[in-house]
Amino acid sequence: MKSAGIIGLGKALPERVLTNAEIETMVETSDEWIFERTGIRKRRVAGENETSASLGTAAAAEALRMAGVDPADVDLIICGTTSPDTLFPSTACHIQQRLGCVNAAAFDLAAACAGFVYALAVGSELVASGAHKMALIIGADVLTKFTDWTDRGTCVLFGDGAGAAVVAPVEDGRGVLSYDLGADGTGTGLLVIPGGGGLHPASHQTVDDRLHYIKMEGREVFKFAVKIMGESSERSLAKCGLSPHDVDCFVPHQANTRIIDSATRRLGIAPERVFTNVADYGNTSAASVPIALYEAFLMGRIREGDLVVVVGFGAGLTWASCVLRWTMSAVPEGDGKELAGAARVDK
Ligand code: UT7
């Protein structure tokens, strides 16, 4: 087995910003409640032509540019998404066509908000084994298209976006060192879009019954999240003989600052080693970890040789964490100027 790691990163966000103040005009809520309970101030909302494939393509194109990799040299695309452009073909195939990655196998991986970290583990194994040479790992979601804007328990939480990483062979002992993947299918009912699949195919009735929207038991998901983020991170770290004290930068799924604070307090990771941007983007599902990773790197919060832990959790229930020894040393000239979140959308 070789070592595989991240050699390029990218992100893409829709242009439209939706603030808490605007949501106050839609449902019975307040900026104060949303910020205190979630840490979210605003989020990006995809327009008609902004989709998981368009945002995923833009993020992946930037990651390829940063890595200096030609699209034809990519031989694997895995897209973590649960808001695909079409039920089939996969969003990864839409992205493959738009990027011109003509030599790449392509598939989607459905692990909801844990999708990118799941895909990073799977993709890095396929590269480390020598089966694939160059993988594009993408997290892309547009959950606001599946949000019930009359349900204050969910509509304040989600935002749209995409992030991407190029994964390639790296020096031994660097890149992805270990991972932990898991699922608890007894929680399938806690966070679900019930309509539009084979169980409740789309019909006038499913729309009248609002089954095409996200349904969530928020408190249950919250309890699960706090517990699993810590447990999974500790398992991943233990697999390579490390502990939370060794972590230089912790990049968790950006769902809620209270979840992140509780989990990192339990782990004993100091706040200055934890990266968050949930205030600006809300919960962008599978996109949250790669967007955060991209921003942490461009802000200089992650440097070459640092020990980085990424961890996600989501519908399923699913969870995933990876430990990485960072390999990228410098941000190429010209990247990172628009860190506040400029749109890079391929419409
Ligand atoms: O990627 C995974 C995705 N999911 C998550 O990460 C969700 C995890 N869960 C959460 O983040 C939190 O459970 C929420 C932010 C969703 C809710 O916070 P909470 O502290 O668990 O509130 P709650 O659901 O226990 O509700 C407390 C009260 C309720 O009122 P009553 O029954 O006490 O009168 C709710 O009706 O807050 C009310 N409430 C709101 N009030 C104002 C719920 N949503 C809102 C709202 N604005 N948006």
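Keep in mind that this is a model prediction, so the values were computed, not measured. In each ligand, atom 1 is the first atom listed, and ligand 1 is the first ligand listed. Values below: every heavy atom of this structure, side chains too, minus hydrogens, waters and symmetry copies.
- Heavy-atom distances between I34 and ligand 1 stay at or above 4.0 Å for every pair.
- Which parts of ligand 1 touch N283 is read off a 4.0 Å heavy-atom cut-off, strictly below it: atoms 1 (O), 2 (C), 3 (C).
- Of the listed residues (V221, T257, V156, V278), the one carrying the non-hydrogen atom nearest atom 5 (C) of ligand 1 is V221.
- Those atoms of ligand 1 that come under 4.0 Å of a heavy atom in R37, given as number and element, are 19 (P), 20 (O), 22 (O), 27 (C).
- Within the 4.5 Å cutoff, the side chain of P271 has no heavy atoms near those of the T264 side chain.
- Judged by the 6.0 Å and 45° rule, R44 forms no cation-pi pair with Y281.
- The number of heavy-atom neighbours closer than 6.0 Å to NZ of K133, taken from other residues, nucleotides and ligands shown, is 12 or below.
- When only interatomic distances are considered, the shortest N/O to N/O separation between G218 and ligand 1 falls below 3.5 Å.
- Protein heavy atoms come within 4.0 Å of atom 48 (N) of ligand 1.
- Counting only heavy atoms of the protein, atom 18 (O) of ligand 1 lies nearest to R258 NH2, 3.5 Å.
- Ligand 1 places these atoms under 4.0 Å from at least one heavy atom of A255: 6 (O).
- Nearest to atom 35 (C) of ligand 1 by heavy-atom distance, out of E220, E24, M216, R152, is R152.
- Classification of K11 and E295 as a salt-bridged pair holds, one side-chain N sitting under 4.0 Å from a carboxylate O.
- For the side-chain contact (heavy atoms from CB on, under 4.5 Å) with V176, the qualifying choice from L324, V127, V323, V310 is L324, the only one to do so.
- Residue contact check: C113 has heavy atoms under 4.0 Å from atoms 1 (O), 2 (C) of ligand 1.
- Shown in contact with G153 at under 4.0 Å from a heavy atom are these atoms of ligand 1, numbered in order with element: 16 (C), 44 (N).
- Per-atom contact check: atom 32 (O) of ligand 1 does not touch the protein, criterion being a heavy-atom distance below 4.0 Å.
- Between the N256 side chain and the R37 main chain, a donor and an acceptor come within less than 3.5 Å of each other.
- Using the six-membered ring where Trp is involved, F297 and W326 have ring planes that are tilted, between 30° and 60° apart.
- Counting atoms of ligand 1 from 1 in the listed order, those under 4.0 Å from a heavy atom of T38 are 15 (C).
- Side-chain atoms of S321 come within 3.5 Å of backbone atoms of S232 as a donor-acceptor pair (strictly under, hydrogens ignored).
- For the pair T29 and ligand 1, the shortest N or O to N or O distance falls below 3.5 Å.
- Here the side chains of I40 and V156 are not in contact, with every heavy-atom distance at 4.5 Å or above.
- When only non-hydrogen protein atoms are considered, atom 23 (P) of ligand 1 lies nearest to R219 NE, 3.6 Å.
- The distance from ligand 1 to the heavy atoms of N256 drops below 4.0 Å at these ligand atoms: 10 (C), 11 (O), 15 (C).
- Within a 4.0 Å radius of atom 28 (C) of ligand 1, the protein contributes no non-hydrogen atoms.
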